[in-house]
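Below is one structure, written out as structure tokens; the observations come after it.
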2 protein chains.
Amino acid sequence: MTKTSVQPEHMENLGGGALPRLDQQLCFALYSAVNRVTRLYRPVLSALGLTYPQYLAMLALWEHSPRTVGALGEALDLDSGTVTPLLKRLEKQNLVRRRRDPSDERRVIVELTEAGQALKARAAEVPASLACQIALPTSELIDLGERVRRFKRCLPADDAGAYAER
Amino acid sequence: MTKTSVQPEHMENLGGGALPRLDQQLCFALYSAVNRVTRLYRPVLSALGLTYPQYLAMLALWEHSPRTVGALGEALDLDSGTVTPLLKRLEKQNLVRRRRDPSDERRVIVELTEAGQALKARAAEVPASLACQIALPTSELIDLGERVRRFKRCLPADDAGAYAER
DNA sequence: AGCAATTCAATTGTGTGCAATATAAACTTT
DNA sequence: AAAGTTTATATTGCACACAATTGAATTGCT
């Protein structure tokens, strides 16, 4: 009780000074849900030669293709240390091409190759083969997505925002 | 417009053959939420010398300490290829000890050291310092946790369960 | 008892994620 | 315009996550 902090008397779950049980933690629920989802995607995506993050990158590129590395990283909420090697692996598979932006040589433009565009058709079946493994109505999945996005928006993002909104 | 593609007229969301937008995908929402949460934990946990998965492992061990590697992996929903090196790093920090189970030499028993037990007190502040960075009422966080766990339970787990419940 | 099948943990190899740093190209300031 | 600053990407090093494999111990079967 020598705390300067914000600790009220008896908290159920968060912030009480006593550690919450693992299986009550929102953050662990998210963490293990993502691991499971990734495992679920793996066999489906390996038929396309993609990992799960690579699939996400391709989804972003299928939405609009000539795009800078930075813009892609922002869409995926990943930094260059993650995106650059990922793109190199996609390039090695001939799904994307990378070139410097002539008008600003700092930037690198990523674009789909023919093969990358063509893969979109085959990927169209991915959502259905995932959805059919999940024993929940679509409406509930959509609702959960909304809630997770709302949650995410309440997290301090790219350390801009934490102080910048003043 | 020279496309062979499969683009149907106008699909809403899942399973229709058209790819959903990245920012509508539940799975991407989970994925990026977890990345952000991990980034949020990082500075708080690094004060304790822990990473986020290490913190989860310690939470599990603080709940009950002498525990096999397998039991810990099951609690965390991780396999031995992830847990073993993680435990070695915790051991190097003298937070846990590992020894073979004398009654079954295949098993390895993990237990907290004195230092590992002691760390629990310092970790007690972690949930509060996280919660205060999240601009949502606790009730909503708890509710979201429930929903994510329900979602997770509907995923085929460790490929046992998919067929075993007959 | 003897041997195959199973179980448990560790190891290997690939692919993320991210902090910290590096490098080069633009922008700013004077 | 030279120098310092900022911006965009790449690189390095560390820690996951997991498939596939290995090795050792136990269980099951006959």
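Fair warning: this is a prediction, and the values are worked out from it, not measured in the lab. In what follows, every chain begins at residue 1, and chains take the letters A, B, ... in the order their sequences are listed.
Inter-residue side-chain proximity for Gln133(A) and Val44(A) is flagged as met; some heavy-atom pair is nearer than 4.5 Å. Between Leu48(A) and Met58(A), every side-chain heavy-atom pair lies at or beyond the 4.5 Å cut-off. Using a 4.5 Å cut-off on side-chain heavy atoms (C-beta onward), Leu86(A) and Gln54(A) make contact. In this structure, Thr82(B) and Asp79(B) have side chains that are in contact, with non-hydrogen atoms separated by less than 4.5 Å. Between Leu30(A) and Phe151(A), some side-chain heavy-atom pair lies under the 4.5 Å cut-off. With a 4.5 Å cut-off on side-chain heavy atoms, Val96(A) and Leu61(A) count as touching.
Comparing dA17(D), dC18(C), dT9(D) against the side chain of Thr68(A) picks out dT9(D) as the nearest. Residue Arg106(A) places its side chain closer to dA25(C) than to any other of dA17(D), dA25(C), dT16(C). Relative to the side chain of Leu78(B), the nucleotides dT9(D), dA17(D), dG17(C) differ in distance, and dA17(D) lies closest. Ranking dT16(C), dT26(D), dA9(C) by closeness to the Thr84(B) side chain, first place goes to dA9(C).
With rounding to whole Å, Glu105(A) atom CD is found 19 Å from dT23(C) atom P. In this structure, Asn35(A) places its CG atom 14 Å from C1' of dG15(C), rounding to the nearest Å. Atom C1' of nucleotide dG17(C) and atom CG of Leu40(B) are separated by 16 Å, given to the nearest angstrom. Asp79(B) places its CG atom 17 Å from the P atom of dG15(C), with the value rounded to the nearest Å. With rounding to whole Å, Ile109(B) atom CD1 is found 13 Å from dC8(C) atom C1'. One can place CZ of Arg42(A) at 10 Å from C1' of dT16(C), the figure rounded to the nearest angstrom. Rounded to whole angstrom, the span from the CG atom of Asp101(B) across to the P atom of dA24(D) amounts to 19 Å. Rounded to whole angstrom, the span from the OH atom of Tyr41(A) across to the C1' atom of dG15(C) amounts to 18 Å.
Using the six-membered ring where Trp is involved, Tyr41(B) and Tyr55(B) have ring planes that are tilted, between 30° and 60° apart. The aromatic rings of Tyr31(B) and Tyr52(A) lie perpendicular to each other, with more than 60° between the two planes, well past the 30° mark.
In this structure, Arg39(B) does not reach the dG17(C) phosphate: none of its side-chain N or O atoms is under 4.0 Å from OP1 or OP2. Contact between the side-chain N/O atoms of Arg107(A) and the OP1/OP2 oxygens of dA8(D) is found at a separation under 4.0 Å. Within the 4.0 Å cut-off from OP1 or OP2 of dG17(C), at least one side-chain nitrogen or oxygen of Tyr31(B) is found. Phosphate contact (OP1/OP2 of dC16(D), side-chain N/O of Gln54(B), threshold under 4.0 Å): present.
Remark: the backbone N or O of Pro43(B) is paired with a side-chain donor or acceptor of Ser46(B) at under 3.5 angstrom.
For Ser80(A) and dA8(D), a side-chain-to-base donor-acceptor distance below 3.5 Å is absent, hydrogens and geometry of angles not being considered.
Of the residues in residues 87-99 of chain B, those placing a heavy atom less than 4.0 Å from an atom of DNA chain D are Arg89(B), in numerical order. Contacts of residues 45-52 of chain A with DNA chain C (heavy atom under 4.0 Å): Thr51(A).
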Margin query: Is there a salt bridge (Lys or Arg N to Asp or Glu O under 4.0 Å) between Asp77(A) and Arg39(B)? Walk through the geometry before answering.
Written below: CA-CA 11 Å; Asp77(A) 199 7; Arg39(B) 289 198 286 267; 2.9 Å; yes
Check nucleotides 1-5 of chain C against the protein and report each pair of N or O atoms closer than 3.5 Å, with its distance, or say if there are none.
none

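Each of Leu86(B) and Val69(A) was assigned the nucleotide of DNA chain D with the nearest heavy atom; the assignment lying further toward the 5' end belongs to Val69(A). In this structure, Gly81(A) and Val108(B) both approach DNA chain C, and ranking their closest nucleotides by distance from the 5' end singles out Val108(B). Mapping Thr82(A) and Pro102(A) onto DNA chain C via the closest heavy atom, the residue that lands nearer the 5' end is Thr82(A).
Screening Arg99(B), Arg98(B), Arg67(B) for a side-chain hydrogen bond (donor to acceptor under 3.5 Å, both in side chains) with Glu111(B), the sole residue that qualifies is Arg99(B).
Electrostatic pairing of Glu140(A) and Arg147(B) does not count as a salt bridge here, judged by no charged N lying under 4.0 Å from a carboxylate O. A salt bridge links Arg149(A) with Glu146(A): at least one charged nitrogen is closer than 4.0 Å to a carboxylate oxygen.
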